[in-house]
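Worksheet for the structure shown next.
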Amino acid sequence: MSKLANQPPPPTPSDMDVDSASAAEEKNPVRFSINVLELMREAQMQHGLRHGDYTRYRRYCTARLRRLYKSLKFLHGRGKYTRRNITESTVTDVRFLHVVFYMAERAWSHAMEKKTAGPNAPQRIYMLGRFRKAVKWAALFSQLCSIKGDSRTSLEAEAYASYMKGTLLFEQEKNIEAAMLNFKNTRTVYEELGKYGSIENQLLCRQRIEEVEPMIGFCSRKLGGSALQEHELLDMEKEGPAYDLFKAKIEAVLSETRSQQAASMTEFNWLGRRFPITSAKTRVSILKAQQLERDLNGAATEPIPADKKLAIFDKLFSAYHEARSCIRNDLASAGNAENIRDELNGLDKAVSAVLGLRTIERNQLLVSIAKSKFAKHRDDKNEKITKPEELVRLYDLLIQNTTDLTDLVSSGRDKNEEENAFLHEYELKDLAFRAERCFYLAKSYSSVSKRAEAYALFCYARSLADSALQELANSPHKALIQELEALSSNCRSSSCIEHATGIMEDESAPERLSKGVSTISLGDDKRKDTKYLLDILGSYESALGEQSAKAPCRISQFPPPFQSVPCNPIVLDMAYNTIEFPNLENRMKKEKKGLLRRFWG
């Protein structure tokens, strides 16, 4: 009996089911799935990196980690911090993988925040430490995903870890070859992943590849020892979190290249005159502006879109303003040396003239964009249509720019042949701008049915265009001649239309007047009374009016109409003065006085 009592009880069917389930889990462990690239892109674009705000994204990662720790009950002690590591056995929920991912993102965003702020030596050491921390967490994320994640998640995590490691090596500039290998590994993974999945996923992979390509090109150029051309570096300049990584390196290489080129640049040529450049900063700024001009006007295989041209113009203006600032600083420190001051004044005038010329070109680009929108029909409700008043304002700016430029060139010294030809050309352009302004001013009057004013302005615009065409009879500016010919033709047709429309309106004016007079009645107004919704609640009748009419809803009349109110009757009490009232003194209560009161009265 004792032996039977010490034996364990036989297993029940429920215990056998639990053991079989645990054995099945050991053979087929649960695989988590994370779309790493989509998760990263969504978090970055929605929380600051759309505008390059790394501080906001770092704070989001911190808050996200706090929420994940709380939901997983994976806290690090109360009061005193107790570190809890995330290992293979810890990962029982996909949110543990999210914790590791956001730790890497937080460290990376902190490093990028320091980098975009322009770090000094101590801050650079701290920035590299943050990059190392990001690489550490990314490697752990890749290791855990290879064990706990499916095949796609493991591949994406490996690409993520390779990108982080390449970023660290690229920033350290110690092992460019290893950085390039990591970036190539990232590109290979996303090229394979981009062949499958949804369209959105393929687009994300394509974008990631486009972000990595410039880094690979930069590393290969550095390893090959060949000098990076300036236009190649400018092509690398784009927007996004990945491009912020090597933007400072591109700027450093560009400044070094321009400094080398500036050593051979000794003078600035403008309209047949040569102005010596002695300051190295002025040379670098002018070289930068000239390179941007070549990018803007160079013969490219593909036309440059308008928004990119406007961005190049902004950089161009910044470079010329920087050059003018350097020149004026040199003028302030030149002292009383007349020769040096004359040279600097001439250089300042030439740079200001080039700046004015590029301003006119930029405003002409804005006019062409506005004209393309002005000619469109109102089919697309989301498309903003240009009004003629906007074109009038742009031509006002062009006329002012042309006047300033001609005044600047014609002032001061004696003019040579090139300067005289330049002045003559821009005087004719000023006449063409005035004709265009007059044409669109007439369009604005025509839109408000002022026929006489519009007709007079169209005729005046045509006379201006014809006079400019006479001046340009033997000119090589064929494009300007074609524009003026088209403008003269448009003015003639528009003036005829306005003339005919005005005559038709004048002819129909007496008929409209007689029709209006015939409807006048001295009797009761028999027009249909306006019914309001609150007055016809008992009957179903629309208070909106006809569908074609653009009238407001008639709910209640406000202010409410006056209503007749009965007045209170006026009572005149005429008997009051004739009534004699009885004497009631004997009924009044007499006051009793004591002895002392009687004595004292």
Side-chain angles (χ1 to χ4, degrees), residues 28-47 49-50 57 88 91 94-98 100-102 104-105 108-109 112 134-135 137-170 176-224 232 235-246 301-302 305 308:
N28 299 314
V30 178
R31 295 286 182 177
F32 301 115
S33 178
I34 302 175
N35 196 334
V36 180
L37 183 57
E38 183 178 351
L39 176 66
M40 180 187 69
R41 182 68 66 180
E42 183 179 356
Q44 289 180 356
M45 292 297 106
Q46 291 184 2
H47 300 91
L49 293 200
R50 186 184 298 274
Y57 183 58
E88 177 187 350
V91 181
V94 70
R95 288 175 291 178
F96 283 101
L97 297 178
H98 283 205
V100 182
F101 171 76
Y102 280 110
E105 284 290 289
W108 172 81
S109 59
M112 292 300 295
V135 170
W137 285 109
L140 178 60
F141 180 66
S142 176
Q143 177 186 352
L144 293 176
C145 286
S146 64
I147 300 171
K148 292 292 186 176
D150 56 11
S151 58
R152 182 184 178 87
T153 303
S154 175
L155 270 177
E156 287 199 53
E158 181 183 351
Y160 180 75
S162 298
Y163 178 79
M164 286 294 183
K165 190 172 181 181
T167 300
L168 174 63
L169 296 172
F170 184 82
I176 300 295
E177 185 177 1
M180 186 174 68
L181 289 176
N182 281 281
F183 287 137
K184 284 185 176 180
N185 184 25
T186 304
R187 182 182 63 182
T188 304
V189 171
Y190 285 120
E191 282 177 350
E192 293 298 322
L193 292 176
K195 298 177 182 178
Y196 312 101
S198 62
I199 300 297
E200 292 79 5
N201 179 72
Q202 293 179 17
L203 288 175
L204 286 175
C205 292
R206 186 74 257 166
Q207 290 175 4
R208 194 64 169 171
I209 292 169
E210 290 176 357
E211 291 177 358
V212 175
E213 283 289 351
M215 299 180 183
I216 296 174
F218 191 91
C219 293
S220 62
R221 292 279 185 172
K222 293 282 284 186
L223 288 174
E232 296 175 348
D235 290 339
M236 293 180 183
E237 288 186 347
K238 298 181 181 179
E239 295 181 355
Y243 301 110
D244 291 337
L245 181 65
F246 65 107
T301 56
E302 297 181 359
K308 189 174 181 180

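The model shown is predicted, which means the values in this text are computed figures rather than measured ones.
- For the pair Lys195 and Glu191, the salt-bridge criterion is not met [side-chain N within less than 4.0 Å of a carboxylate O].
- Around the CD atom of Gln202, the shell of radius 6.0 Å holds more than 12 heavy atoms that belong to other residues, nucleotides or ligands.
- With salt bridges taken as basic N to acidic carboxylate O contacts below 4.0 Å, one links Glu211 and Arg208.
- Tyr160 and Phe101 have tilted rings, their planes meeting at an angle from 30° to 60° on a 0 to 90° scale.
- One finds the OH atom of Tyr163 at 7.5 Å from the CE atom of Met40 (value rounded to the nearest 0.5 Å).
- For the residue pair Leu37 and Cys205, the shortest heavy atom distance occurs at CD2-N, 3.8 Å.
- A donor-acceptor pair shorter than 3.5 Å cannot be found between the side chains of Asn201 and Ser198.
- Here the closest non-hydrogen pair linking Val189 and Leu155 is CG1-O, 3.6 Å.
- Counting all heavy atoms, side chain and backbone alike, Ser162 lies closest to Asn185 at OG-ND2, 2.8 Å.
- Salt-bridge formation is not detected for the pair Glu88/Lys148: no Lys NZ or Arg NE/NH1/NH2 atom is positioned less than 4.0 Å from an Asp or Glu carboxylate oxygen.
- At distances below 3.5 Å, at least one donor-acceptor pair connects side-chain atoms of Ser146 with backbone N or O atoms of Gln143.
- The side chain to side chain donor-acceptor pair (under 3.5 Å) check on Arg50 picks up nothing, with sequence neighbours excluded.
- Across every non-hydrogen atom of Met164 and Ala104, the tightest pair is CE-O, 4.4 Å.
- Side chains of Lys184 and Arg187 form a contact here, defined as non-hydrogen atoms less than 4.5 Å apart.
- Atoms CD1 and CG, on Ile199 and Leu204 in that order, are 11.5 Å from each other to the nearest 0.5 Å.
- Expressed to the nearest 0.5 Å, how far CD of Glu105 lies from CE of Met112 amounts to 11.0 Å.
- The NZ atom of Lys165 sits 9.0 Å away from atom CG of Leu168, with the distance rounded to the nearest 0.5 Å.
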### Task
Start with the C-alpha gap between Tyr190 and Val212, add the side-chain angles, then the distance that decides, and say whether side-chain contact (heavy atoms from CB on, under 4.5 Å) holds.
CA-CA 10 Å; Tyr190 285 120; Val212 175; 5.8 Å; no
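- Ring centroids of Phe32 and Phe96 are separated by 6.0 Å or more, keeping the two rings apart.
- Nearest heavy atom pair, residue His47 against residue Ala43, reads ND1-O, 3.1 Å.
- Taking OG of Ser154 as the reference point, atom CD1 of Ile34 lies at 11.5 Å (rounded to 0.5 Å).
- Taking the side chain as every heavy atom from C-beta outward, Leu39 and Tyr102 approach each other to under 4.5 Å.
- Between atom CE of residue Met215 and atom OG of residue Ser220 there is a gap of 13.5 Å, rounded to the nearest 0.5 Å.
- Across every non-hydrogen atom of Thr186 and Ala159, the tightest pair is OG1-O, 3.3 Å.
- Side chains of Glu156 and Thr153 form no contact here, defined as non-hydrogen atoms less than 4.5 Å apart.
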